Colleague: 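The structure follows.
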Amino acid sequence: MKKFVPYEKLSKSKKRELDRKKRVTWGNVNPVTQKVESKKLYKRKSRNFTDYSDGFGTFTVFEISFVC
């Protein structure tokens with residue numbers, strides 16, 4: 001049977017060992033609080049919005065030249 005020694009009187013290495021045993025991970029749990037959006041709020045982006053822009057503005061002009 002081990003003798004009880006108060007935490008304050010333990011050596012530095014024994015304290016570290018105990019602290020490592022006490023630490024646990026969150027696993028798959030996300031600790032960030034999640035906020036549910038109100039269904040009454042106006043949403044600017046519609047649910048079926050698709051982005052048709054090509055990244056160069058509203059439209060792109062291609063220059064085609066023919067060599068005779």
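All values derive from a computational prediction rather than experimental measurement.
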Colleague: What are the two closest heavy atoms between E8 and K15, and how far apart are they?
Modeller: O-NZ, 3.7 Å
Colleague: Is it possible for you to check whether K22 lies under 6.0 Å from the centre of the six-membered ring of Y7, through NZ or CZ, and within 45° of that ring's axis?
Modeller: yes
Colleague: What's the separation between atom CD in E37 and atom CG in L41, rounded to the nearest 0.5 Å?
Modeller: 7.0 Å
